[in-house]
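One-based numbering along the sequence shown. Predicted, not measured: the structure shown is a model, and the values here were computed from it.
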Amino acid sequence: MPIINESHDSLPYIDPAPSARARAEAEKLIAADLPAEYSSTLHPSIPPLAEPQFSPLIQQEIDRKAAGQPLTGGIDVSRYEAPEPPTRSADATPDLDEWRSTLQKAYTASSHLSMRHDNLALLEENGKNAWLIGNSQLEDILRGLEKELAETKEAAETVNKQRKIAQEASKGELVGLEESWKKGVGATLDVELAAENLRLQILEQRRQLAQQHAR
């Protein structure tokens, strides 16, 4: 639903195009009526934009992108790599804490590789069907949007056709009314001109009579 309901008294199908001078004068009048900040201020009927509420991490990334800084950090993939066993000399006692830490890293890497293998197996088995289903859904959405667009264009063309038919049907009447208006204005001007001439004649006769009585 539109914010503002307006009715434009324009007849684009029967009115002649305005001249360059008339258009310039109209644009001058429009510019004089517009406020100084019209190009940078929203219309009062348009609601203000909602303030975005980003999480701290998203805001940090936005600030980084705005500052033009390179992307750093991210996921540390070294934890998923197979660790090297601790080094020790032949006569030294093994460091159990170091071996325990290495074992935990190895377990993490093994779990990661196992889950990755399972995911790749699922992708190999079901990925093709999921991809085809996703494409089918996207095609359905695209067809719906294309249908809506075609219906909107058809509705706009229908409105323009109806407007054109209505204006062309009223063209003769409008031309007749305009000619009658012009004739009425012309007749009014003729009457005003004749009345002015008559007034001047009366004044002239009064002036002559006054001169005769003065003699």
Side-chain angles (χ1 to χ4, degrees), residues 1-77 130-189 191-193:
M1 183 176 180
I3 298 177
I4 301 174
N5 294 320
E6 293 184 351
S7 176
H8 300 281
D9 297 330
S10 59
L11 303 172
Y13 296 102
I14 60 177
D15 280 344
S19 62
R21 180 178 179 182
R23 181 180 292 275
E25 291 293 333
E27 292 177 351
K28 183 178 179 181
L29 292 175
I30 293 174
D33 193 51
L34 291 174
E37 65 279 1
Y38 80 96
S39 60
S40 58
T41 304
L42 290 176
H43 192 275
S45 298
I46 300 177
L49 296 177
E51 291 294 333
Q53 300 292 334
F54 297 120
S55 65
L57 290 177
I58 295 296
Q59 187 62 48
Q60 179 181 352
E61 180 63 16
I62 292 175
D63 296 338
R64 181 199 66 78
K65 190 66 177 178
Q69 299 175 353
L71 179 62
T72 57
I75 300 175
D76 183 12
V77 296
W131 180 74
L132 293 175
I133 292 173
N135 282 347
S136 177
Q137 292 174 344
L138 291 176
E139 289 176 356
D140 291 340
I141 295 174
L142 178 60
R143 281 192 293 268
L145 293 175
E146 290 176 345
K147 180 180 179 182
E148 183 179 355
L149 177 61
E151 292 175 350
T152 302
K153 288 183 177 179
E154 183 179 359
E157 291 177 358
T158 301
V159 171
N160 288 331
K161 288 179 181 179
Q162 293 176 350
R163 182 186 301 171
K164 183 177 181 181
I165 292 173
Q167 291 184 12
E168 289 180 346
S170 304
K171 181 177 180 179
E173 181 181 0
L174 291 173
V175 171
L177 292 173
E178 186 175 5
E179 292 297 328
S180 299
W181 174 78
K182 290 180 180 179
K183 291 179 180 178
V185 172
T188 301
L189 292 176
V191 171
E192 290 180 354
L193 182 59

Backbone of Glu173 reached by a side-chain donor or acceptor of Ser170 within 3.5 Å: no
Side-chain donor or acceptor of Ser136 paired with backbone N/O of Leu132 under 3.5 Å: no
Please determine whether the number of non-hydrogen atoms from other residues, nucleotides or ligands lying under 6.0 Å from atom [atom1] of [X] exceeds 12.
| X | atom1 | answer |
| --- | --- | --- |
| Asp33 | CG | no |
| Tyr13 | OH | yes |
| Leu49 | CG | no |

Gln60: partners by side-chain hydrogen bond (donor to acceptor under 3.5 Å, both in side chains), with sequence neighbours left out: none
Does the side chain of [Y] come within less than 4.5 Å of [X]'s, by heavy atoms?
| X | Y | result |
| --- | --- | --- |
| Gln69 | Asp63 | no |
| Val185 | Leu189 | yes |
| Lys164 | Asn160 | no |
| Thr188 | Glu192 | yes |

How far does [atom1] of [X] sit from [atom2] of [Y], to the nearest 0.5 angstrom?
| X | Y | atom1 | atom2 | value |
| --- | --- | --- | --- | --- |
| Lys171 | Asp15 | NZ | CG | 10.0 Å |
| Arg21 | Glu25 | CZ | CD | 6.5 Å |
| Glu154 | Lys147 | CD | NZ | 11.5 Å |
| Arg23 | Ile30 | CZ | CD1 | 9.5 Å |
| Leu11 | Arg163 | CG | CZ | 10.0 Å |
| Ile14 | Gln167 | CD1 | CD | 5.5 Å |

Closest contact, heavy atoms only, Arg64 versus Pro70: NH1-C, 3.4 Å
Worked check of side chain to side chain contact (heavy atoms under 4.5 Å, CB included) between Glu61 and Leu57: CA-CA 6 Å; Glu61 180 63 16; Leu57 290 177; over 6 Å; no
Results of side chain to side chain contact (heavy atoms under 4.5 Å, CB included) for Ile165 - residues two or more places apart only: none
